[in-house]
Undergrad: 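Got a structure for you, written out below as structure tokens; questions coming shortly.
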Amino acid sequence: MKGNSWTITDGNGMTHQLSIKVKSFGGPEITVDSNTYKVKSSNWLVNVIDYSVDFPGANCHIVMLGGKARLAVNGTYNDDQTPYEPVANTPTWIWVLVALSIIGGWFFGGIIFAAIGAAFSTVYISASLEKKNSKVIIMFVIFAVLCAIWFGVQFALKLNGVL
């Protein structure tokens with residue numbers, strides 16, 4: 001079980017404890033001042049959570065993308081002071097790459113490459129939610145090159161009668 005916790009002070013000077021924990025089974029749990037809430041990810045492959053908590057003078061958002069959790073208070077993330085932006089849905093073109101990676105991986109390299117495609121897919125989704133589209137494209141090209149190399153090696157071995 002891994003988790004993150006924060007202490008914030010609201011506009012009335014009261015301190016509040018916020019935390020998020022991801023359990024092996026059962027999904028993420030958010031705790032606000034000893035009250036625990038089960039939350040569901042908006043994505044079935046990667047944890048994508050944007051949970052809002054309002055205190056007097058403090059609007060808080062607990063945001064989790066993949067395994068990284070962050071807290072935004074009054075529109076600014078605590079860790080790096082960047083502005084908070086609501087978590088967007090995963091774009092359709094990312095789901096096309098996910099399908100190509102998993103199904104194409106299965107076609108070119110069997111179960112092993114389907115699993116590698118699924119692992120790469122988690123990177124596609126996380127990077128797209130962080131608005132790093134160039135990282136998505138680079139990772140997809142790397143996966144495609146790995147599939148092509150594997151397919152070429154298999155083809156050459158069959159051609160030479162080794163397989």
Side-chain angles (χ1 to χ4, degrees), residues 1-105 113-147:
M1 184 163 65
K2 58 182 176 177
N4 293 293
S5 61
W6 304 272
T7 302
I8 65 149
T9 304
D10 68 15
N12 296 334
M14 304 242 342
T15 59
H16 300 277
Q17 292 291 119
L18 302 170
S19 67
I20 186 167
K21 293 180 183 176
V22 179
K23 295 186 174 185
S24 299
F25 296 101
E29 290 182 343
I30 292 179
T31 304
V32 179
D33 292 335
S34 74
N35 297 317
T36 302
Y37 307 94
K38 287 189 179 249
V39 293
K40 285 185 85 173
S41 173
S42 62
N43 188 298
W44 58 274
L45 194 57
V46 178
N47 276 328
V48 178
I49 297 166
D50 189 344
Y51 189 82
S52 178
V53 180
D54 290 322
F55 299 112
N59 178 296
C60 302
H61 287 270
I62 298 173
V63 177
M64 178 174 260
L65 298 175
K68 183 180 178 184
R70 302 171 72 191
L71 176 69
V73 179
N74 295 331
T76 305
Y77 283 108
N78 282 8
D79 55 356
D80 61 1
Q81 305 306 312
T82 57
Y84 162 78
E85 291 182 26
V87 175
N89 291 329
T90 306
T92 303
W93 68 275
I94 296 295
W95 291 114
V96 170
L97 293 182
V98 168
L100 286 172
S101 296
I102 295 173
I103 296 168
F113 268 80
I116 293 170
F120 270 72
S121 295
T122 62
V123 176
Y124 306 157
I125 294 167
S126 295
S128 75
L129 292 171
E130 294 171 358
K131 296 177 174 62
K132 296 179 180 176
N133 292 335
S134 60
K135 182 178 179 181
V136 173
I137 293 167
I138 290 168
M139 294 302 289
F140 181 73
V141 168
I142 291 170
F143 178 73
V145 167
L146 288 174
C147 284

Undergrad: Among all residues two or more places apart in sequence or in another chain, which pass the salt bridge (Lys or Arg N to Asp or Glu O under 4.0 Å) test with D10?
TA: none

Undergrad: Using only atom types and a distance under 3.5 Å, with no angle test, would you say the side chain of N74 pairs donor to acceptor with the backbone of G57?
TA: yes

Undergrad: Report yes if the side chains of I20 and W6 come closer than 4.5 Å at any heavy-atom pair, otherwise no.
TA: yes

Undergrad: Under the side-chain contact (heavy atoms from CB on, under 4.5 Å) rule, collect the residues that match up with L146, sequence neighbours excluded.
TA: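 If we apply the side-chain contact (heavy atoms from CB on, under 4.5 Å) test to L146, skipping adjacent residues, the hits are F113, F120, I142.
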
Undergrad: Report yes if some heavy atom in the side chain of F55 is under 4.5 Å from a heavy atom in the side chain of L18; otherwise report no.
TA: yes

Undergrad: Working to the nearest 0.5 Å, report the span between CD of Q17 and CD1 of I8.
TA: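 Output value for this atom pair is 9.5 Å.
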
Undergrad: If you round to the nearest 0.5 Å, how far is OH of Y84 from NE2 of H61?
TA: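 Nearest 0.5 Å value for the NE2-OH distance: 4.0 Å.
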
Undergrad: Kindly write out the residues that satisfy side-chain contact (heavy atoms from CB on, under 4.5 Å) with I102, not counting sequence neighbours, or none if the list is empty.
TA: V98, A118, S121

Undergrad: Taking only residues two or more places apart in sequence, or in another chain, which ones meet Y37 in a side-chain contact (heavy atoms from CB on, under 4.5 Å)?
TA: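 In terms of side-chain contact (heavy atoms from CB on, under 4.5 Å), with neighbours along the sequence ignored, Y37 is linked to V32, N35, Y51.
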
Undergrad: Of all heavy-atom pairs between A69 and N4, which one has the smallest distance, and what is that distance?
TA: CB-ND2, 3.1 Å

Undergrad: Using only atom types and a distance under 3.5 Å, with no angle test, would you say the side chain of S126 pairs donor to acceptor with the backbone of V123?
TA: no

Undergrad: Output all residues satisfying side-chain contact (heavy atoms from CB on, under 4.5 Å) with S134, sequence neighbours left out; order by chain, then residue number.
TA: none

Undergrad: Can a donor-acceptor pair be found, under 3.5 Å and without considering hydrogens, that links the side chain of N47 to the backbone of L65?
TA: no

Undergrad: For residues 37-52, which residue pairs pass the salt bridge (charged side-chain N to carboxylate O under 4.0 Å, His left out) check, not counting sequence neighbours?
TA: E29-K38

Undergrad: Can you tell me which residue pairs pass the salt bridge (charged side-chain N to carboxylate O under 4.0 Å, His left out) test with a partner in residues 130-142, sequence neighbours excluded?
TA: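 Qualifying pairs, neighbours excluded: E85-K131, E130-K132.
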
Undergrad: Minimum heavy-atom separation for F143 to G105, with atom names?
TA: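 That would be CZ-CA, 3.9 Å.
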
Undergrad: Measure from the side-chain N and O atoms of D80 to the backbone N and O of T82, and report whether any donor-acceptor pair falls under 3.5 Å.
TA: yes

Undergrad: Who pairs with D33 by side chain to side chain donor-acceptor pair (under 3.5 Å), at least two apart in sequence or on another chain?
TA: H16

Undergrad: Measuring only between side-chain heavy atoms, which start at C-beta, is I125 closer than 4.5 Å to I94?
TA: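 The answer is yes, as the side chains (C-beta and beyond) meet within the 4.5 Å cut-off.
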
Undergrad: Partners of T36 by side chain to side chain donor-acceptor pair (under 3.5 Å), sequence neighbours excluded?
TA: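 Result, side chain to side chain donor-acceptor pair (under 3.5 Å) vs T36: T31.
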
Undergrad: I'd like to check the salt bridge (Lys or Arg N to Asp or Glu O under 4.0 Å) partners of D54; sequence neighbours left out, ordered by chain and number.
TA: none

Undergrad: Going from CG on N133 to OG on S128, what distance comes out if it is rounded to the nearest 0.5 angstrom?
TA: 7.0 Å

Undergrad: Any chance you could measure L71, atom CG, to C60, atom SG, to the nearest 0.5 Å?
TA: 5.5 Å

Undergrad: Test of understanding: with side chain to side chain donor-acceptor pair (under 3.5 Å), list the residues that count as partners of S41, not counting sequence neighbours.
TA: none

Undergrad: Please list all pairs meeting side chain to side chain donor-acceptor pair (under 3.5 Å) that have one or both residues in residues 90-104, counting only residues at least two apart or in different chains.
TA: N43-T90, S101-Y124

